[in-house]
Amino acid sequence: MTCILNADDAHLNGSIHKAALMIKNGGTVVFPTETVYGLGADAFNPDACKKIYMAKDRPVDNPLIVHISSFDMLNDVAYIDDDLLNKMKSIWPSPLTLLLKKKNNVPDIVTSGLDTVCIRFPDNKIALKLIDEAGPIAAPSANLATKPSIVDSETAIKELNNRVDAIIDAGRVKYGVESTIIDCTKKPYELLRPGAFSLEDAISILGNVHASEYVEGYNESKIALTPGLKYRHYAPSKKLFLIENENEFIKFISSDKSKDFLALCSYDNAKYARYDKIILGKDIYETAHNLFYDFRLLDNSDKKYGVIQSFDEKGIGLAVMNRIRKASFMAVKDKENIGKINMALYE
Ligand code: TXA
Ligand code: MG
């Protein structure tokens, strides 16, 4: 039985306390962060961490992020040089996750045997209080493996009921895409995953951060990276088609060809949709906030397919496009390739 913990003002402290006790006793708890919901357990308890992989059906060679709520906790789990530490003191808490050399007390199950660990200091008051009480929490995003990350508690309850010990019922999260991950074990630092913390801001604070082309999401599976980055995520179950050229997107959604498609589009482009549509948002923040939520709406709709437009890869837009590309069954860039969409419907 999963315990659903009320997060309204009158119950919040009691709920967090209960959740912290469950974690200390080796249980699993779904909790909100500012990015997406996490599925957490005591980072120092290997048996508890094993339960995370089981609850999500996650392959054990895909390591977890360790969540902290203070710089003292950081000292228990990872090595960091003074220069970077000072910079992080001006940034954390925030949705910027660092890959660092791990300390020995972090069990192998958390890092899939790697000698590095992802450290995250989330900017969410429920998460911070929970970690304050329970200690460092190992947590991936709370979705079942291969499903889009969970951005609201209703979906968390639907997807994880009876798979975890408790779920904190705290509504929608702030950003809607996961944290940015930067590998700080090498120089220059390297962007491993674009996310809610903009690459531009990270560079202005940390200095040069190398971003390889793969962050765009192309051919991800073909590139041999750290084990954690080889899995596809974020995808709706239905086939989603990305049309990168805006004119071609507008033409497609206003034509008869789009009859079986749910159009995922910006506020401005919604007026062109001839059939059913979902407005992702008025700006790129709203789009990020709604993206995974709307992938699930696509799956629950009566349309067979989805079609989505592209967005500027600036700020959080880089993460939005990364997630869209990874979620897309096919991306077409120009007019010549639009015909491929119809062919792909029969694959
Ligand atoms: O916003 C977030 O980061 C959310 C919330 C819950 O904090 N968490 C999250 O966790 O997105 P997850 O597990 O879904 O994504 C973490 C990514 C995975 O691709 C994982 O493989 C990678 O980070 N990762 C974790 N530890 C790693 C390591 N030691 N080396 C390389 N990649 C690692
Ligand atoms: Mg995930």
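For ligands, and for the atoms within them, numbers begin at 1 and follow the listed sequence.
Interface of Ile65 with ligand 1, defined as ligand atoms under 4.0 Å from a residue heavy atom, comprises 3 (O), 8 (N), 9 (C), 10 (O), 16 (C). Close approach to Pro140 involves these atoms of ligand 1, each under 4.0 Å from a residue heavy atom: 6 (C), 10 (O), 12 (P), 13 (O). Of all atoms in ligand 1, listed by their number and element, those nearer than 4.0 Å to a heavy atom of Ser179 are 1 (O), 2 (C), 3 (O). The atoms of ligand 1 that sit less than 4.0 Å from any heavy atom of Leu64 are 25 (C), 26 (N). Taking every heavy atom of His67 and a limit of under 4.0 angstrom, the matching atoms of ligand 1 come to 5 (C), 6 (C), 7 (O). Proximity to Asn62 (heavy-atom distance under 4.0 Å) selects the following atoms of ligand 1: 18 (C), 20 (C), 21 (O). Against a heavy-atom cut-off of under 4.0 Å, Leu114 is close to the following atoms of ligand 1: 28 (C), 29 (N), 30 (N).
Using cut-offs of 30° and 60° on the angle between ring planes, the pair Phe252 and Phe261 is perpendicular. A perpendicular orientation is assigned to the rings of Phe329 and Phe241, their planes being inclined by more than 60° (bins at 30° and 60°).
The option with the heavy atom closest to atom 24 (N) of ligand 1, from among Gly38, Cys118, Ser112, is Cys118. The heavy atom nearest to atom 22 (C) of ligand 1, considering only Ala127, Pro63, Pro95, Ala196, is found in Pro63. Distances from atom 7 (O) of ligand 1 to the heavy atoms of Glu178, Arg120, Arg58 show the closest one on Arg120.
Arg296 places a side-chain N or O within 3.5 Å of a backbone atom of Pro148 that can act as its donor or acceptor partner. Proximity of a side-chain donor or acceptor of Lys238 to a complementary backbone N or O of Ser301 within less than 3.5 Å is detected. The closest donor-acceptor contact from the side chain of His289 to the backbone of Val173 lies under 3.5 Å.
Checking Ser141 against the Mg ion (ligand 2), an N/O/S atom falls under the 2.8 Å cut-off.
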Pair Met88-Phe121, side chain to side chain contact (heavy atoms under 4.5 Å, CB included): steps then yes or no:
CA-CA 10 Å; Met88 294 317 290; Phe121 195 151; over 6 Å; no
Kindly indicate, with the supporting measurements, whether the criterion side chain to side chain contact (heavy atoms under 4.5 Å, CB included) is fulfilled by Phe31 and Lys129.
CA-CA 11 Å; Phe31 63 99; Lys129 216 153 176 258; over 6 Å; no
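Within the structure, ligand 1 lacks Lys102 among the residues with a heavy atom less than 4.0 angstrom away. Under a 4.0 angstrom heavy-atom cut-off, Ile181 registers as being in contact with ligand 1.
Where the criterion is an N or O separation shorter than 3.5 Å, residue side chain and backbone included, Thr97 fails it with respect to ligand 1. Ligand 1 has an N or O atom lying under 3.5 Å from an N or O atom of Thr35, backbone or side chain. Considering backbone and side-chain N/O atoms, Tyr37 never comes within less than 3.5 Å of an N/O atom of ligand 1. Ligand 1 has no nitrogen or oxygen under 3.5 angstrom from a nitrogen or oxygen of Thr33.
The proximity of Thr116 to ligand 1, defined as any non-hydrogen pair under 4.0 Å, involves the side chain as well as the backbone. Contacts of Lys56 with ligand 1, taken as heavy-atom pairs under 4.0 Å, are absent altogether. With a 4.0 Å heavy-atom cut-off, ligand 1 is reached by no atom of Leu192.
In this model, a donor atom of one side chain and an acceptor atom of the other lie less than 3.5 Å apart for Asn143 and Ser141. Checking Arg323 against Ser149 by side-chain atom types alone, no donor-acceptor pair falls below 3.5 Å.
Stacking of Lys282 on the aromatic ring of Tyr267 is recorded, both the 6.0 Å distance cut-off and the 45° axial limit being met.
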